K.L.:
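Have a look at this one before I ask anything.
Chain naming here is simple, since letters A, B, ... match the order of the sequence lines and numbering starts at 1 in each. Model, not experiment: these values are computed from the prediction.
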There are 2 protein chains.
Amino acid sequence: MGTSDTRGTRERLIDSTRELLWERGYVGTSPKAIQERAAAGQGSMYHHFHGKPDLALAAIGRSAEELRARAEAGFSGPGTVTERITGYLRREREVLKGCPVGRLTQDPDVMADPELRRPVEETFAWLTGRLAALLTEGRASGEFGGGLDPAATATALVAVVQGGYVLARASGSAEVFGRAVDGALGLLAAHSR
Amino acid sequence: MGTSDTRGTRERLIDSTRELLWERGYVGTSPKAIQERAAAGQGSMYHHFHGKPDLALAAIGRSAEELRARAEAGFSGPGTVTERITGYLRREREVLKGCPVGRLTQDPDVMADPELRRPVEETFAWLTGRLAALLTEGRASGEFGGGLDPAATATALVAVVQGGYVLARASGSAEVFGRAVDGALGLLAAHSR
DNA sequence: GTCTATATATAGATAGAC
DNA sequence: GTCTATCTATATATAGAC
């Protein structure tokens, strides 16, 4: 994320909030911790933002945007649908840190606030829809059999990624994430022609 | 869970801690909130438990035990392997509340404490192993093709459940969980003979 | 824009009376 | 076993000087 000194206080505050939300969640993140990590004072933080929720909104929006951009980069690249989906699933991730957006679904205060919740909801709706479109494309081109349900399969694939993070964190091993993905790809392969 | 008055203070404290850990996580759960929900005083809580971590340990152990028992009930029942796995995946769940054990993987203070973490780790190791054994059984009996990788597939299935919770919470809709499960079962069906 | 002072509420406990 | 008092640290700000 690059919390460099040249970024300006406002940006550093957003970055440090993103990191802390990722590591500790919303309830576990205090203004003081944000300030310390950003090397900013109390006054600076409350000058640039109205408070913790306001800062969290900026941070969550940024993380959601980044997730989307990274995924889209893989989806719209070259290759068959299977190749692009495989690339997305096998892309390098900081698996043991979990998903910076997905983890927010476990934060009651985030989910209770419509403003904070929206980016989370939209991110997964977009991601699932995008994968479903790819699968539809693959079915139309004959890459997959007609029995494949694009919407359900797309949802399952996104779930494997999110669940893969959970299992990796539970076991303390990034390999488990790879195993979940391999399992999903193995099943998907059975649907190929 | 039944926080009835007849259960004894100690049990009520464990129950209310389980509920709060489920709803708000470890960091988001205060001793005061636990006491209020259990209708127990400060003194009672610290008489029965050494503090928040001690109480959390009892609560997490109980939840892990319950998850395991419920899963095993479905796994060891009658029917083909596919039927039993389908039964497990489609079993009724409080989907929008998330998984009481899986959500703990997002709690940094739980994962940082080896004692609190162990039940979480063991639960998913057991669950994945148990499903892998079932899939191996199904492959041996010819229910699935030889190309199916039991360990990877089992991991993917557990991930679909955990990720299904995440997506359901993100969208605010329990249906999404069912869609993820349907997608996984659709893929698994392609591996059947 | 940033800093320091100040303020209220809650977290997470300990001590000792009953 | 349970209750009340007390305690220190932190959460989450606001106010006003510089």
K.L.:
Check every atom of C:dG12, D:dA11, C:dT4 against the side chain of B:Tyr46 and return the nucleotide holding the closest atom.
P.N.:
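Nucleotide nearest to B:Tyr46's side chain: C:dG12.
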
K.L.:
For a quick test of reading the model: is some side-chain N or O of A:His47 closer than 4.0 Å to OP1 or OP2 of C:dC3?
P.N.:
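It does not, given that no N or O in the side chain of A:His47 lies less than 4.0 Å from OP1 or OP2 of C:dC3.
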
K.L.:
Checking contacts here: which listed nucleotide (D:dT2, D:dA11, C:dG12) is nearest the side-chain heavy atoms of B:Pro31?
P.N.:
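Of D:dT2, D:dA11, C:dG12, C:dG12 is nearest to the side chain of B:Pro31.
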
K.L.:
Roughly, in whole Å, what's the span from CZ in B:Phe49 to C1' in C:dA13?
P.N.:
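These atoms are roughly 16 Å apart.
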
K.L.:
Measure from CD on B:Gln35 to P on D:dG1 and round the result to the nearest Å.
P.N.:
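Result: 17 Å.
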
K.L.:
What integer distance in Å separates B:Asp54:CG from C:dT14:P?
P.N.:
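It works out to 12 Å between those atoms.
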
K.L.:
One thing to verify: whether B:Arg62 and B:Glu66 come together as a salt bridge, which I'm taking to mean a side-chain N less than 4.0 angstrom from a carboxylate O.
P.N.:
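Salt bridge between B:Glu66 and B:Arg62, a charged N being under 4.0 Å from a carboxylate O: no.
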
K.L.:
Between B:Ser30 and C:dA11, is there a contact of a side-chain N or O with OP1 or OP2 at under 4.0 Å?
P.N.:
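Checking C:dA11 against B:Ser30, a side-chain N or O does come within under 4.0 Å of OP1 or OP2.
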
K.L.:
Report the distance from atom CZ of A:Arg12 to atom P of C:dG1, rounded to the nearest whole Å.
P.N.:
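Taking atom P of C:dG1 as the reference, CZ of A:Arg12 is at 13 Å.
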
K.L.:
Under 6.0 Å from the CD atom of B:Glu175, do we count more than 12 heavy atoms belonging to anything else shown?
P.N.:
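No, not enclosed.
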
K.L.:
Rounded to the Å, how far apart are A:Gln42 CD and C:dG1 P?
P.N.:
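Rounded to the whole Å, the gap is 19 Å.
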
K.L.:
Report yes if a side-chain nitrogen or oxygen of B:His50 is closer than 4.0 Å to either non-bridging phosphate oxygen (OP1 or OP2) of C:dA13; otherwise report no.
P.N.:
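It does not, given that no N or O in the side chain of B:His50 lies less than 4.0 Å from OP1 or OP2 of C:dA13.
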
K.L.:
Going by the salt bridge (charged side-chain N to carboxylate O under 4.0 Å, His left out) test, name the single residue among B:Arg18, B:Arg103, B:Arg37 that passes it with B:Glu23.
P.N.:
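The option that passes is B:Arg37.
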
K.L.:
Taking only side-chain nitrogens and oxygens of A:Ser44, does any of them come within less than 4.0 Å of OP1 or OP2 of C:dC3?
P.N.:
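Answer yes for this pair, as a side-chain N or O of A:Ser44 is under 4.0 Å from OP1 or OP2.
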
K.L.:
Would you say A:Lys52 reaches D:dT12's phosphate, i.e. side-chain N/O to OP1/OP2 under 4.0 Å?
P.N.:
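Answer is yes, contact under 4.0 Å.
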
K.L.:
Considering just the side-chain nitrogens and oxygens of A:Thr9, establish if one lies under 4.0 Å of OP1 or OP2 belonging to C:dT2.
P.N.:
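Yes, A:Thr9 has a side-chain N/O under 4.0 Å of OP1/OP2 on C:dT2.
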
K.L.:
Does any part of the side chain of B:Tyr88, heavy atoms only, come nearer than 4.5 Å to the side chain of B:Leu134, both counted from C-beta?
P.N.:
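No, their side chains stay 4.5 Å or more apart.
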
